[in-house]
Amino acid sequence: MNDNSGAAGSGSGGGPGGASGGPGGSASYDVVVVGGGAGGLSAALVLARSRRPVAVVDSGSPRNAPSAHVHGFLSRDGQAPSDLVGAGRAEVAGYGGELIDGRVRSIEPGFTVRLDDGRALRARRVVVATGLRDELPAIPGVRERWGQDVLHCPYCHGYEVRDQPIGVLGSGPGAVHQALLLGQWSRDVVLFRHRLPLSAEEAEQLTARDVHIADGEVERLVTAGDRLEGVALAGGRVVPRRAVFVPPRMVPADGLLTDLGCERDGSGWVATDGSGLTGVAGVWAVGNVADPMAAVVNAAAGGASAAIAVNRSLVEEEVARAVADHRAGGRTRDPGARAAAAS
């Protein structure tokens, strides 16, 4: 689970040249990052280290809040998501990046980033890392156990439930793929068809992989204390399970992007190039808002790549302006004086 993670509490003052406006006020930055998860914070870190005035706006509603640990992130495996975000926030603030707790209402062409509390932030570039929303089936117990023993990603959680009785809920087209994958972690995997149609080819693949198929609609998940015990089917049968994987319907939180005119690709996700640049000049999208398959480590890498592209675009703009001024007979700054000022 990934984007839009954020710890409570505000950060330190703005980066070089940046200033935070109070309620109803405004402030200007080179870059405003919307979303303070791994992708957004990684982008802000690289930009702050590039001496760019940067602000991160985060609402504190991370997608991975129900999860106890982050996995598959080299050197951070097993860390609590809140600890990972807290460390990232401290690093960004340590380089002068500004952390703003709040929710962005809109981004206007230009760019003016408007918050719910009335603040307005002006930016030359925008990075959006608002993540996605998991829509879960309306089956009692699924949402209540989500992120604990009701899971969505074998690579994120499979090892923790290895060799246990595992179920896969047929709540979407990815269920068969997950059931086939999970045979890597357990020899006792059951696909609960629920309302999922199966082709003859899929049924053969599942049988060959020793995945059992349970017909009938799922009525509820059965728990005892704070632990999953099984899956109850229509008619009263309960199949004992210790973990159930549920492929959610992933809905991108991309309203800010589409309102700016960013187009979606054929899969329904905002189209970007390799750096995260959207079809709207000056707007980047990183992490799950543009890529539903991005894990935390992928989002962090994407944020760094986007930041490099953002800084390059700003440098190119500044060089073009300096050349125009030079050709017009304007004063150019002496490189020695610039080096002295930076020291």
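With a 4.5 Å cut-off between side-chain heavy atoms of Ile, Leu, Val, Met, Phe, Trp and Tyr, the cluster of V46 takes in I308.
Listed by chain and number, the residues in a ring pair (Phe, Tyr, Trp, His ring centres under 6.0 Å) with Y159 amount to none (sequence neighbours excluded). Remark: S313 pairs with R125, W284 by the side chain to side chain contact (heavy atoms under 4.5 Å, CB included) rule, at least two apart or across chains. Under the rule for a side chain to side chain contact (heavy atoms under 4.5 Å, CB included), the partners of E219 that lie at least two apart in sequence or sit in another chain are A234. Partners of D254 according to the salt bridge (Lys or Arg N to Asp or Glu O under 4.0 Å) rule, which considers only residues two or more places apart in sequence or in another chain, are R264.
No donor-acceptor distance shorter than 3.5 angstrom exists from the side chain of S171 to the backbone of V246, with no hydrogens or angles considered. Without hydrogens or angle criteria, D188 side chain to D163 main chain gives no donor-acceptor distance under 3.5 Å. Formation of a donor-acceptor pair under 3.5 Å by the S186 side chain with backbone atoms of G183 is not found in this model. Side chain of R122 to main chain of A27: no donor-acceptor pair is present (N/O by atom type, distance under 3.5 Å, no hydrogens or angles).
Taking the side chain as every heavy atom from C-beta outward, W269 and D291 never approach each other to under 4.5 Å. Counting heavy atoms from C-beta on, the side chains of E160 and H71 come closer than 4.5 Å. Considering only heavy atoms from C-beta on, L256 stays 4.5 Å or farther from V289 through its side chain. Within the 4.5 Å cutoff, no side-chain heavy atoms of L181 are placed close to those of F245. Looking at D30 and L47, their side chains never come closer than 4.5 Å, going by heavy atoms from C-beta outward. Looking at L191 and Q178, their side chains never come closer than 4.5 Å, going by heavy atoms from C-beta outward. Looking at L257 and V283, their side chains come closer than 4.5 Å, going by heavy atoms from C-beta outward. Considering only heavy atoms from C-beta on, L221 comes within 4.5 Å of V142 through its side chain.
Closest heavy-atom contact between G36 and V85: O-CG1, 3.8 Å. Nearest heavy-atom pair, P247 versus G174, reported as atom, atom and distance to 0.1 Å: CG-C, 4.1 Å.
Using cut-offs of 30° and 60° for the angle between ring planes, the Y155 and W185 rings count as perpendicular.
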Steps toward side-chain contact (heavy atoms from CB on, under 4.5 Å) verdict (M250, R63): CA-CA 11 Å; M250 299 180 184; R63 178 194 180 200; 3.8 Å; yes
Stepwise salt bridge (charged side-chain N to carboxylate O under 4.0 Å, His left out) check, R145 with D226: CA-CA 9 Å; R145 303 300 303 172; D226 191 32; 2.6 Å; yes
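The distance from the CG atom of L151 to the CH2 atom of W146 is 7.5 Å, given to the nearest 0.5 Å. E217 CD to R195 CZ: the interatomic distance, rounded to the nearest 0.5 Å, is 4.5 Å. To the nearest 0.5 Å, atom CD of residue E144 and atom CG of residue L136 are 10.0 Å apart.
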Anything under 3.5 Å between a donor and an acceptor, one on a side chain of residues 203-212, the other on a protein residue two or more places apart or in another chain? List them.
residue, atom, partner, partner atom, Å
T207, OG1, A203, O, 2.9
R209, NE, L180, O, 2.9
R209, NH2, L180, O, 3.2

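Shown here is E263, whose CD atom has no more than 12 heavy atoms of other residues, nucleotides or ligands within 6.0 Å.
At a threshold of 4.0 Å, the pair E229-R242 counts as salt-bridged, since one of the basic side-chain nitrogens sits closer than that to a carboxylate oxygen.
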